[in-house]
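Heads up: the structure comes next, in structure tokens.
Residue numbering restarts at 1 for every chain, and letters A, B, ... go by the order of the sequence lines.
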Protein chains: 4
Amino acid sequence: MKEPKSAAKPKKFPTQERSKITVGAILEAATYILEHEDWENFSTNRVAEKAGVNIASLYQYFPNKESILSEIFRMHSDEIRATSRELETVDLSALNLHQLLEKIVKDYVRSHQNEPRLHRILQAKVPKSVWWIDENNAGDLEVVFDKLLRNRTEKLKNKKFAGFFLKTGLNAMIREAVDRHPDYLSDPDFVPEMVSFFEAYLSGSGR
Amino acid sequence: MKEPKSAAKPKKFPTQERSKITVGAILEAATYILEHEDWENFSTNRVAEKAGVNIASLYQYFPNKESILSEIFRMHSDEIRATSRELETVDLSALNLHQLLEKIVKDYVRSHQNEPRLHRILQAKVPKSVWWIDENNAGDLEVVFDKLLRNRTEKLKNKKFAGFFLKTGLNAMIREAVDRHPDYLSDPDFVPEMVSFFEAYLSGSGR
Amino acid sequence: MKEPKSAAKPKKFPTQERSKITVGAILEAATYILEHEDWENFSTNRVAEKAGVNIASLYQYFPNKESILSEIFRMHSDEIRATSRELETVDLSALNLHQLLEKIVKDYVRSHQNEPRLHRILQAKVPKSVWWIDENNAGDLEVVFDKLLRNRTEKLKNKKFAGFFLKTGLNAMIREAVDRHPDYLSDPDFVPEMVSFFEAYLSGSGR
Amino acid sequence: MKEPKSAAKPKKFPTQERSKITVGAILEAATYILEHEDWENFSTNRVAEKAGVNIASLYQYFPNKESILSEIFRMHSDEIRATSRELETVDLSALNLHQLLEKIVKDYVRSHQNEPRLHRILQAKVPKSVWWIDENNAGDLEVVFDKLLRNRTEKLKNKKFAGFFLKTGLNAMIREAVDRHPDYLSDPDFVPEMVSFFEAYLSGSGR
DNA sequence: TATGAATGAGCGTTCATTCAT
DNA sequence: CATGAATGAACGCTCATTCAT
């Protein structure tokens, strides 16, 4: 079992104008290949060629193959991260459970709608073990949810799993919808029904 | 974009004792590598080497790399498949919603507990686009659920998403538990709480 | 430079009925592959498979790959060989030059018309260095021609090259016709014109 | 039946001195192997090894195995091509038939004498289906001959086959001489006798 | 800094041939 | 005898990465 490659970040921050263009071209080409070609075609040589950049230049900005992926993931999940950071920061104490769930689900759905194609591709083609950034982020989310739900689930007998259910369920449903039922996302009933789904349990009226 | 390779099954059935050993060794080695090494290390040469089998012998039983994976998936998901097939076959008409959910969740959890390590590995390391068998199976499941829920969710206003929520949520929660919270699985409250979770919504008491 | 593989002939003469069938199937399959597939596909395993014969059985009748080719060549060039053998044996002393050339050209053309497809294939796909049998045979032919022409080319100043020209020219023209101008072979003027061609020189009227 | 691979030319033009050496070494090694070893030994790995060049470097300049052969053929047949191009270009209208044939045969013989060894090897070892370049060239030649002979074969009854006989016969005789009778080429009578041979027919004095 | 050139290691796959039953 | 199984060696080719200029 190899240790996870340490070099996740670009080795150099491009300060010069030209460098920025180079890095941009590389990331664009990499994204293009991920979207339009096979995962097996995603090689550093191929990326450099597509970017019109010399392979050696690529290695001046990215220490290895993984770091290119990492950067793409980082860029791509920025919005999602922003969502959870906002949930963490903004004062939501005035909302009742229904309103809170509505906000969470809406924001979350919106944040996943940005680049659904790339998102789907990454899901489908990239081994999950490369997804560490997103996963870490998702881990955070569970804690955020737990905090948000506190004091709003009095009737719930066993509060232990609430955050886990919410995070896991929400995440899976949105991803599955993006991935396999794109029509759901434009269905006006989808979000309300998901809210109902979670609310039914969290409001403690089960059984 | 390549179509999924069709060759899913071994090209040759091992009839003699000797060859059964060979095939066994190959599958064992492949599983070992999937469990203990990187997905990128999963090469036919590596598998053959680890199995102590000549690479050409490997190709007498498996027509290509993918077919090895297919066989492992097949073996591994047999139990899960059995579960959904059973749900499809057995007469469950006497059960009320609570009893039905209890059976579904229990069976499903049990079926995932068999080889959790391999299951986790496959999830984590193998690009999702290779998972076609399991996915196909999962697709079936949604239909099964829809059928089972019919006539038992009268109070539900919008029945459209019920099967999708149940399948997606259940699947994700169990996988996430297997993957990241093994302790949940031995918690006596876990299954009942999941049942509550789904029942709350499906019994139509939301909002 | 490897020495030419010695084993040109089948290692075993199939006396039993079953053996004959096996050998026949092998040769048929080999011929089929040569005709319908790439030269690169012509492998012993492939031949055995196509013949429905176990690879180990194949090696009981043919000591190596080349011997299969040799046998096909031998069979195929039997007719051609027969032609030159006949020319060597039969008494042709009564014929004048024109009649002799007519016989030679006619016989030779006829002998090449038998399996033109296989002939073409062999020409196109098999490296010429494997053609030793045919070539040897062709070598013989030159001597035969020299003998036949003796006493019939009095007017020729330099008799040294006569046999060479006749054999080489005739051979090349027929092969080229078979290979690239199949229509020539059915043209009633083709043979007479070839006869004219050689006769013009051999009758000594040049310059 | 595969179509002939299109990639006939190197994928990358060597601009630096170093790479020219590399490409040279590859072509030299390839030629060496063709001359001294079996056609079956002509593998990209073997060529690279013999050239003292990394196999991956080889693939930077030659996109596949065939392109190496193509390049060798191209280089080797340049002179021959030059001959026919010259025949096509130069004004030969002042020559009578005898002079014309003399020029054609002389030029043609000369053009084949350059690298007779390699020429022989290619003929002997490389499957004819790989010879497309030379063949194309040879095809052209027949047309050139037809044009040259026009107006100089009045006495010929059937002019249809003249070009075919000349091209095929000349080609075969020279190749056969190069291949099996190297002494012929230095015999002062060889060329004149060939001229006589063709002239006898073309001057229309047959029969 | 950018680029042309290089390379060790490895890939998936097939070959001709042999052995044990 | 025939057959299932095995195998060493090699194939064409690509990879991630580094060096020299």
Side-chain angles (χ1 to χ4, degrees), chain A residues 5 12 14 16 18-19 22 40-48 53-66 68, chain B residues 5 12-23 40-49 52-68, chain C residues 5 12 14 16 18-19 22 40-48 53-66 68, chain D residues 5 12-23 40-49 53-66 68:
Chain A
K5 304 219 176 169
K12 230 182 207 177
Q16 313 264 347
R18 201 166 32 152
S19 312
T22 302
E40 308 215 323
N41 274 117
F42 187 79
S43 70
T44 52
N45 285 301
R46 180 100 187 74
V47 168
V53 159
N54 188 282
I55 178 67
S57 295
L58 184 153
Y59 274 91
Q60 278 198 331
Y61 296 104
F62 296 90
N64 54 44
K65 191 184 173 181
E66 296 236 305
I68 303 175
Chain B
K5 302 215 176 168
K12 200 169 161 185
F13 279 95
T15 55
Q16 293 189 8
E17 199 53 41
R18 202 160 41 130
S19 59
K20 271 180 200 161
I21 293 173
T22 300
V23 168
E40 307 220 320
N41 271 116
F42 186 80
S43 73
T44 51
N45 282 302
R46 181 97 186 77
V47 168
E49 183 200 33
V53 158
N54 187 284
I55 179 66
S57 292
L58 184 154
Y59 274 92
Q60 290 218 340
Y61 300 102
F62 298 90
N64 53 45
K65 190 184 171 178
E66 300 237 305
S67 64
I68 303 175
Chain C
K5 303 221 177 166
K12 230 182 204 175
Q16 313 264 346
R18 201 166 35 153
S19 312
T22 302
E40 309 215 322
N41 274 117
F42 188 79
S43 70
T44 51
N45 285 302
R46 181 97 187 76
V47 168
V53 159
N54 188 283
I55 178 68
S57 295
L58 184 153
Y59 274 91
Q60 278 198 331
Y61 297 103
F62 297 90
N64 54 44
K65 191 184 174 181
E66 296 236 305
I68 303 175
Chain D
K5 302 217 176 167
K12 200 169 160 185
F13 279 95
T15 56
Q16 294 189 8
E17 199 55 40
R18 202 161 39 132
S19 59
K20 271 180 199 158
I21 293 172
T22 300
V23 168
E40 307 220 319
N41 270 116
F42 187 79
S43 72
T44 51
N45 282 303
R46 181 99 187 76
V47 168
E49 184 200 33
V53 158
N54 188 285
I55 178 67
S57 292
L58 184 154
Y59 274 93
Q60 290 219 340
Y61 300 102
F62 298 90
N64 53 46
K65 190 183 172 179
E66 298 236 305
I68 303 175

Inset, instruction - Starting at atom CG of Asn64(D), determine the distance to atom C1' of dC11(F), rounded to an integer number of angstrom. - result: 14 Å
Inset, instruction - Grab the CD-P distance between Glu49(D) and dC13(F) for me, whole Å please. - result: 18 Å
Legend entry - Secondary structure of DNA chain F in dot-bracket form (Watson-Crick or G-U wobble, distances below 3.5 Å, | marking inter-strand pairs): .||||||||||||||||||||
Inset, instruction - With the side chain counted from C-beta on, respond yes when Ile68(B) and Phe42(B) share a heavy-atom pair under 4.5 Å apart, and no when they do not. - result: yes
Inset, instruction - Could you check how far CD1 of Ile21(B) sits from P of dG4(F), rounded to whole Å? - result: 18 Å
Legend entry - Interatomic distance, Glu66(C) atom CD to Thr44(C) atom OG1 [nearest 0.5 angstrom]: 12.0 Å
Inset, instruction - Heavy atoms only: give me the nearest Phe62(D)-Val23(D) pair and the separation to one decimal. - result: CZ-CG1, 4.1 Å
Legend entry - Partners passing side chain to side chain donor-acceptor pair (under 3.5 Å) against Arg46(B) (at least two apart in sequence or in another chain): Glu37(B), Glu49(B)
Inset, instruction - Would you kindly give the NZ-to-P distance between Lys65(C) and dA16(E), to the nearest whole Å? - result: 4 Å
Inset, instruction - Could you state the atom-to-atom distance from CD of Glu40(A) to P of dA16(F) in whole Å? - result: 11 Å
Legend entry - For atom CZ of Phe42(B) and atom P of dC15(F), their distance in whole Å: 20 Å
Legend entry - Separation of atom CZ in Phe62(B) from atom P in dT14(E), rounded to whole Å: 15 Å
Inset, instruction - Provide, to the nearest angstrom, the distance between the CG atom belonging to Asn41(A) and the C1' atom belonging to dC11(E). - result: 14 Å
Inset, instruction - Report the residue (Arg18(B) or Arg46(C)) whose heavy-atom-nearest nucleotide on DNA chain E is the more 5′ of the two. - result: Arg46(C)
Inset, instruction - Using the side chain to side chain contact (heavy atoms under 4.5 Å, CB included) rule, pick out the option among Val53(A), Leu58(A), Asn41(A) that qualifies with Val47(A). - result: Leu58(A)
Legend entry - Of the listed nucleotides dT13(E), dA5(E), dT18(E), the one nearest the side chain of Tyr59(C): dT18(E)
Inset, instruction - Please work out if Thr22(A) contacts a base, only the sugar-phosphate, or nothing of the nucleic acid, heavy-atom cut-off 4.0 Å. - result: nothing
Legend entry - Tyr61(A) to Thr22(A) - nearest heavy-atom pair and separation: CE1-CG2, 4.0 Å
Close N or O pairs between protein and nucleotides 7-10 of chain E (under 3.5 Å):
from   : atom 1 : to       : atom 2 : distance (Å)
dG8(E) : N7     : Asn54(D) : OD1    : 3.4
dG8(E) : N7     : Asn54(D) : ND2    : 2.7

